[in-house]
Amino acid sequence: MDMFLKGGNDATLSPGSFTWDIVLDRLWGDTNLAHILKLPAALMDEGISIIEYLNLVHPEDRANLAEKVHKSILSASSWCESHRLLCDGDLEPRWVTVYGHCYRVQDGLPTLCSGTIERIRISEPRPTVANGNHMAPHSHPDESF
């Protein structure tokens, strides 16, 4: 039984799209992403910094996410990572899965990343690891998928 449900007809579970300009440090997203992050759509049109996004990520999940994104930037590859967000007004963290890819344009310098962020609804308790922390729903040991 899959304990994580994705997509569906519920508008709150529709994936959001993003583009991140690494050089400009701007992350833009569509209205679905604004809804997932509980941010105004106009703000996502203007773009937020990657630090503003990371500030929404649960502190225990930031290092793993940063490592996966960093590897993707250096190798111009895809990544998939699930983590918790602490959005304004939420009583509980919300799980999301990010599917992203970083691109290189000139001289091997990373310039753009794009992808989707999908909210995950949990239908039963998450398994825990030996240290008592919850396992991520779709954590992939290999950053490429």
Original post:
Do other residues, nucleotides or ligands put more than 12 heavy atoms under 6.0 Å from H58 NE2?
Top reply: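 Atom NE2 in H58 is packed in, count exceeds 12.
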
**OP:** Determine the interplanar angle of the Y53 and H83 rings, folded into 0 to 90°, and report it as parallel if under 30°, tilted if 30 to 60°, perpendicular if over 60°.
**Re:**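 Perpendicular: the ring planes of Y53 and H83 meet at over 60°.
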
Restricting to non-hydrogen atoms, name the atom on [X] and the atom on [Y] that form the minimum distance, rounded to 0.1 Å.
X   : Y    : result
V23 : P110 : CG2-O, 4.3 Å
D25 : I50  : OD1-N, 3.0 Å
G16 : N32  : CA-CB, 3.7 Å
S72 : W79  : OG-CE3, 3.3 Å
A41 : A34  : CA-CB, 3.7 Å

[atom1]-[atom2] distance between [X] and [Y], expressed to the nearest 0.5 angstrom:
X    : Y   : atom1 : atom2 : value
L91  : L86 : CG    : CG    : 11.5 Å
S82  : L65 : OG    : CG    : 10.0 Å
H70  : K68 : NE2   : NZ    : 14.5 Å
C102 : K71 : SG    : NZ    : 13.5 Å
N55  : I48 : CG    : CD1   : 9.5 Å
I73  : W20 : CD1   : CH2   : 4.0 Å

Original post:
When you measure from the side chain of S17 to the backbone N and O of T116, does any donor-acceptor pair fall under 3.5 Å?
Top reply: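 Looks like no, no N/O pair under 3.5 Å.
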
Subject >> Which residues share a side chain to side chain donor-acceptor pair (under 3.5 Å) with D61, sequence neighbours left out >> reply: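 R84.
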
Original post:
Which residues pass the side chain to side chain donor-acceptor pair (under 3.5 Å) test with H101, sequence neighbours left out?
Top reply: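 Result, side chain to side chain donor-acceptor pair (under 3.5 Å) vs H101: S78.
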
Quick check: is [Y] connected to [X] through a chain of hydrophobic side chains (ILVMFWY, heavy atoms under 4.5 Å apart)?
X   : Y    : answer
L24 : V69  : no
I51 : L112 : no
L54 : I36  : yes

Is the closest side-chain heavy-atom distance between [X] and [Y] below 4.5 Å?
X   : Y    : result
Y99 : P15  : no
I22 : Y103 : no
L27 : M44  : yes
D21 : W28  : yes

Subject >> Member of L85, L56, L37 meeting the side chain to side chain contact (heavy atoms under 4.5 Å, CB included) criterion with R94 >> reply: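 For R94, the side chain to side chain contact (heavy atoms under 4.5 Å, CB included) test succeeds with only one of L85, L56, L37, which is L85.
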
**OP:** Any salt bridge (charged side-chain N to carboxylate O under 4.0 Å, His left out) involving residues 30-52? Give me the pairs, sequence neighbours left out, ordered by first then second residue.
**Re:**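 Matches after skipping sequence neighbours: K38-D90.
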
